[in-house]
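All values derive from a computational prediction rather than experimental measurement. Ligands are counted one by one from 1 in listed order, and the atoms in each one are counted from 1 as well.
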Amino acid sequence: MGLDALALSLRENEPVPGDQVAAVERLLQRRLRGESVARIIGDKAFYGLDFGLNAATLEPRPDTELLVDLVLSGLKPAASMLDLGTGTGCIPIAILVNRPDVTGLATDLSPLALEMAEDNARRHQVSDRLRLARGDWFAALADQTARFDLITSNPPYIASEIVESLAPEVREFDPRLALDGGPDGLGPYRIIAAEAGRWLTPGGRLVVEIGYDQGQAVAKLFSAAGLVEIAVHKDLAGLDRVVCAHHIGAA
Ligand SMILES: C[S@@+](CC[C@H](N)C(=O)[O-])C[C@H]1O[C@@H](n2cnc3c(N)ncnc32)[C@H](O)[C@@H]1O
């Protein structure tokens with residue numbers, strides 16, 4: 001109805017016009033078909049900030065806030081960061097809002113997701129510090145020569161056949177490109193493990209979100225790729241949720 005909480009309580013005894021009742025009915029029907037409230041209103045709060053959503057973006061999840069916490073607790077001054085598969089841009093935008101000295105590059109395969117990330121960066125006044133590039137994982141960096149102090153990613157990590165069994169809210173409304181991590185769900189981590197060292201500064205940090213049962217498998221991939229100081233962190237539910245690693249490489 002376009003009213004905020006205060007206006008609603010001040011006008012709660014006024015009759016609601018028929019066209020507005022019909023509009024609310026239409027929204028209710030969408031909810032009954034399984035669409036989340038965040039998708040219906042087109043906005044989702046993440047790390048205390050509101051992010052716009054569109055059909056190509058995953059709805060940011062509270063689980064991902066742990067990744068932002070871990071990054072912010074150990075980020076060196078004036079760091080440069082790369083976020084792979086940025087969706088709404090929630091990860092780099094939350095980091096840049098909290099760290100005015102940090103600059104970043106955010107990538108996604110979906111042009112429509114990047115449009116949303118651009119809107120969100122503008123909304124939170126970090127567009128002058130966040131560049132966007134489209135492409136398949138590291139291929140988006142074709143024109144880039146400088147390395148990064150931090151690489152973050154919350155890639156699609158659900159095994160293809162499991163995607164079909166997810167709740168309708170997720171399966172039918174979150175984009176498949178944001179969910180499907182290939183036959184065993186680990187496809188994007190293999191690519192990230194193989195190429196992160198090439199793009200991190202010596203001592204640079206890699207921080208990725210994982211599925212609750214992927215901690216050991218992702219830690220193993222990172223270790224096999226030569227990354228060190230690998231740690232698996234648990235979320236508030238006690239489930240493995242984030243893997244951190246470091247690159248000890250020559251400049
Ligand atoms: C799980 S979503 C995460 C979105 C956002 N980072 C977040 O945490 O809410 C994964 C993102 O990776 C993107 N993606 C999928 N395949 C990709 C690829 N091959 N290259 C780059 N991005 C990709 C999707 O479009 C989606 O935005």
Side-chain angles (χ1 to χ4, degrees), residues 36 38-39 42-72 81-97 104-121 124 126 130-142 144 150-160 162-163 166-167 169-171 173-183 185-196 199 206-212 214 218 235 241-243:
S36 69
R39 280 210 183 274
D43 241 20
K44 172 83 180 182
F46 176 84
Y47 219 78
L49 303 166
D50 283 334
F51 287 87
L53 306 171
N54 68 21
T57 56
L58 184 88
E59 191 179 316
R61 305 292 204 270
D63 305 328
T64 310
E65 294 180 341
L66 172 66
L67 183 156
V68 176
D69 275 340
L70 288 165
V71 166
L72 289 175
M81 73 166 290
L82 165 67
D83 183 50
L84 295 163
T86 204
T88 54
C90 60
I91 294 173
I93 293 171
I95 294 168
L96 267 56
V97 164
L105 172 63
T107 75
D108 208 288
L109 192 55
S110 159
L112 203 60
L114 285 175
E115 277 176 28
M116 198 73 251
E118 192 176 4
D119 279 2
N120 284 323
H124 295 298
V126 296
L130 184 66
R131 288 181 301 128
L132 299 164
R134 195 188 88 79
D136 186 5
W137 303 124
F138 293 91
L141 308 184
Q144 171 87 22
L150 167 73
I151 297 179
T152 55
S153 188
N154 173 18
Y157 55 65
I158 298 166
S160 307
I162 306 282
V163 173
L166 296 174
E169 257 106 339
V170 178
R171 189 184 67 224
F173 295 99
D174 276 322
R176 180 133 195 160
L177 186 66
L179 300 173
D180 192 336
L186 296 170
Y189 299 113
R190 291 194 181 89
I191 296 169
I192 292 170
E195 295 200 44
W199 289 104
L206 172 64
V207 186
V208 298
E209 180 169 324
I210 54 161
Y212 71 95
Q214 294 174 323
V218 172
D235 61 20
R241 184 58 61 197
V242 173
V243 179

Hey, is D174 close enough to R61 for a salt bridge, meaning N to O under 4.0 Å? yes
[X] and [Y]: side chain donor to acceptor below 3.5 Å:
X: Y212; Y: D235; answer: no
X: E169; Y: S36; answer: no
X: S160; Y: D180; answer: yes

Name the atoms and distances for all side-chain donor-acceptor pairs under 3.5 Å in residues 130-139, with sequence neighbours left out.
from: R131; atom 1: NH2; to: Q144; atom 2: OE1; distance (Å): 3.1
from: R134; atom 1: NH1; to: L109; atom 2: O; distance (Å): 2.6

Over 60° means perpendicular and under 30° means parallel, so classify the ring planes of Y157 and Y189, tilted if in between. parallel
Residues lining ligand 1 [heavy-atom distance under 4.0 Å, listed by chain and residue number]: L58, P60, T64, G85, T86, G87, C90, I91, D108, L109, G135, D136, W137, N154, P155, P156, L177, A178
